[in-house]
Asks: 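Below: one structure in structure tokens.
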Amino acid sequence: MSKEGAVCVEPNTPENQHLELLCTGELREAVDEEDEFPPPIPWQKIEALGLDCDYGLLFSQEEANRLFLQLEDEVEYFTGEQAKVQVFGKMHSVPRKQATYGDKGLVYSFSGVHLAARVWTPTLEYIRNAVTGATGHTFNFVLINRYKDGQDHIGEHRDDERELDPSCPIASVSLGAARDFVFRHKDARKEPKKCQIEPVKLELAHGSLLLMNPPTNTYWYHSLPVRRKVKTTRINLTFRRIVRGCQKRKKD
DNA sequence: TTGTCTACAGGTTT
DNA sequence: AAAACCTGTAGACA
């Protein structure tokens with residue numbers, strides 16, 4: 001069993017507090033105590049070989065509750081063919097709901113689907129500003145995944161799409177039901193017996209922000225496994241930076 | 001014990 | 001080469 005060997009990270013462990021954001025702070029010096037959104041300290045640093053994440057609470061419980069309800073009211077999820085992916089040649093309806101919002105004209109593609117960004121809603125712009133205020137990074141796109149209960153899930157994958165800016169972290173905001181989240185190193189997938197790199201597991205809480213810094217998505221897969229005990233809904237927003245004009249091209 | 005749950009391995013085809 | 005999927009199975013747990 002890998003259970004006892006797994007690296008488990010408890011949210012907000014005092015000894016893991018980090019008072020400053022470690023990932024690039026270019027935009028940081030311009031802001032001061034008049035910040036509309038203070039950083040979600042204490043940050044918790046999560047590190048492993050090639051993995052670099054920061055985790056913290058971005059919203060109070062009251063505000064997170066409000067945002068969850070607003071998103072349940074506002075967000076339009078894809079249906080029909082746009083809610084299907086092609087894996088190993090077969091079409092599947094994804095075991096969750098998905099939506100994309102972002103700057104005009106942006107398209108996000110994976111596993112045979114091409115999802116055009118809808119225009120930002122007020123709530124999504126508010127959350128995006130909060131993430132930018134907390135991280136110093138700007139984002140032009142968000143992928144929303146809605147897991148109605150513990151049976152909804154997402155399989156192991158990397159966010160390694162070509163159109164993503166490789167220097168920009170991916171910012172993952174969680175609202176609603178807390179869910180387990182698992183990272184696995186790519187070598188641990190192929191050669192599980194040889195590879196000693198243990199999975200990294202954490203729980204993503206209501207109102208939390210997980211920053212996945214480069215090169216995390218180059219080496220680590222992540223998934224949101226089934227948890228049958230969970231009976232309520234989680235909404236996840238992953239803010240990204242898509243490089244404009246960088247069309248998908250075949251590798252050399 | 002026994003039913004429920006999870007982790008893991010392995011399959012598919014472009 | 002690698003995949004944002006699935007199912008089956010064995011072992012853990014209550």
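Chain naming here is simple, since letters A, B, ... match the order of the sequence lines and numbering starts at 1 in each.
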Asks: Whether A:Lys201 contacts B:dA7 is assessed here as follows: a side-chain N or O lying under 4.0 Å from the phosphate OP1 or OP2. Is that the case?
Replies: yes
Asks: Of the residues in residues 142-151 of chain A, which ones touch DNA chain B at a heavy-atom distance under 4.0 Å?
Replies: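 Contacts with DNA chain B under 4.0 Å: none.
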Asks: Nearest to the side chain of A:Arg228 - B:dT6, C:dC5, B:dA7?
Replies: B:dT6
Asks: Return the value, rounded to whole Å, for the distance between atom OH of A:Tyr219 and atom P of C:dA2.
Replies: 14 Å
Asks: Which nucleotide in the list C:dA2, B:dA7, C:dC5 gets nearest to the side chain of A:Tyr221?
Replies: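 Out of C:dA2, B:dA7, C:dC5, the nucleotide with an atom closest to A:Tyr221's side chain is C:dA2.
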Asks: Considering all heavy atoms of both residues, which atom of A:Arg179 and which atom of A:Pro225 are nearest to each other, and what is their separation?
Replies: NH2-O, 2.9 Å
Asks: Look at the aromatic rings of A:His185 and A:Tyr219 and report parallel, tilted or perpendicular, splitting at 30° and 60°.
Replies: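 Correct class here is parallel.
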Asks: Using a strict threshold of under 4.0 Å (side-chain N to carboxylate O), is an ion pair present between A:Lys45 and A:Asp52?
Replies: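 Here A:Asp52 pairs with A:Lys45 in a salt bridge, since their nearest N and O are under 4.0 Å apart.
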Asks: Give, for atom CG of A:Asp149 and atom OG1 of A:Thr233, the distance between the pair rounded to the nearest 0.5 Å.
Replies: 7.0 Å
Asks: Whole-Å distance between B:dT12 C1' and A:Met91 CE?
Replies: 15 Å
Asks: Is the phosphate of C:dC6 approached by A:His153 (side-chain N or O, under 4.0 Å from OP1 or OP2)?
Replies: yes
Asks: Is the charged tip of A:Arg234 near the ring of A:Phe181: under 6.0 Å from the six-membered ring centre and within 45° of its axis?
Replies: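 No.
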Asks: Nearest whole angstrom, please: distance from the P of B:dC8 to the CZ of A:Arg184.
Replies: 6 Å
Asks: A:Phe88 has an atom CZ; how far is it from atom C1' of C:dA1, in whole Å?
Replies: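 Roughly 11 Å, once rounded to whole Å.
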Asks: Side chain of A:Arg227 only, please: which of B:dA7, B:dC5, C:dC5 is the nearest?
Replies: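 For the A:Arg227 side chain, the nearest candidate turns out to be B:dA7.
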Asks: Categorize A:Val226 for me: base, sugar-phosphate, or nothing, with a 4.0 angstrom heavy-atom threshold over every strand shown.
Replies: sugar-phosphate
Asks: Show the nearest heavy-atom pair for residues A:Leu224 and A:Asp180, with the distance to one decimal.
Replies: CD1-O, 3.1 Å
Asks: When the distance from CD of A:Glu156 to P of B:dT6 is rounded to whole Å, what number comes out?
Replies: 16 Å
Asks: OP1 or OP2 of C:dA1 versus the side-chain N and O atoms of A:Arg189: is any pair under 4.0 Å?
Replies: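 Looking at the OP1 and OP2 atoms of C:dA1, neither is under 4.0 Å from any side-chain N or O of A:Arg189.
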Asks: Determine: side-chain N/O of A:Arg96 to OP1/OP2 of C:dC5, distance under 4.0 Å, yes or no.
Replies: yes
Asks: What is the distance, to the nearest angstrom, from the CZ atom on A:Arg158 to the P atom on C:dA1?
Replies: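 Rounding to the nearest Å, CZ of A:Arg158 and P of C:dA1 are 14 Å apart.
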Asks: Going by distance alone, is a donor N or O of one side chain under 3.5 Å from an acceptor N or O of the other, for A:Tyr101 and A:Glu74?
Replies: no
Asks: Rounded to whole Å, how long is the line connecting atom NZ of A:Lys90 with atom C1' of B:dT12?
Replies: 5 Å
Asks: A:Asp160 has an atom CG; how far is it from atom P of C:dA3, in whole Å?
Replies: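 That distance rounds to 7 Å.
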Asks: Can you name the closest pair of heavy atoms from A:Asn236 and A:Val173 and give their distance?
Replies: OD1-O, 3.1 Å
Asks: Which range-with-range stems can be found for DNA chain C when each stem has 3 or more Watson-Crick or G-U pairs in a row and both distances sit under 3.5 Å?
Replies: B:2-11 with C:5-14
Asks: Mind running side-chain contact (heavy atoms from CB on, under 4.5 Å) on A:Asn217 and A:His222 for me, showing each step along the way?
Replies: CA-CA 9 Å; A:Asn217 269 116; A:His222 57 267; 3.6 Å; yes
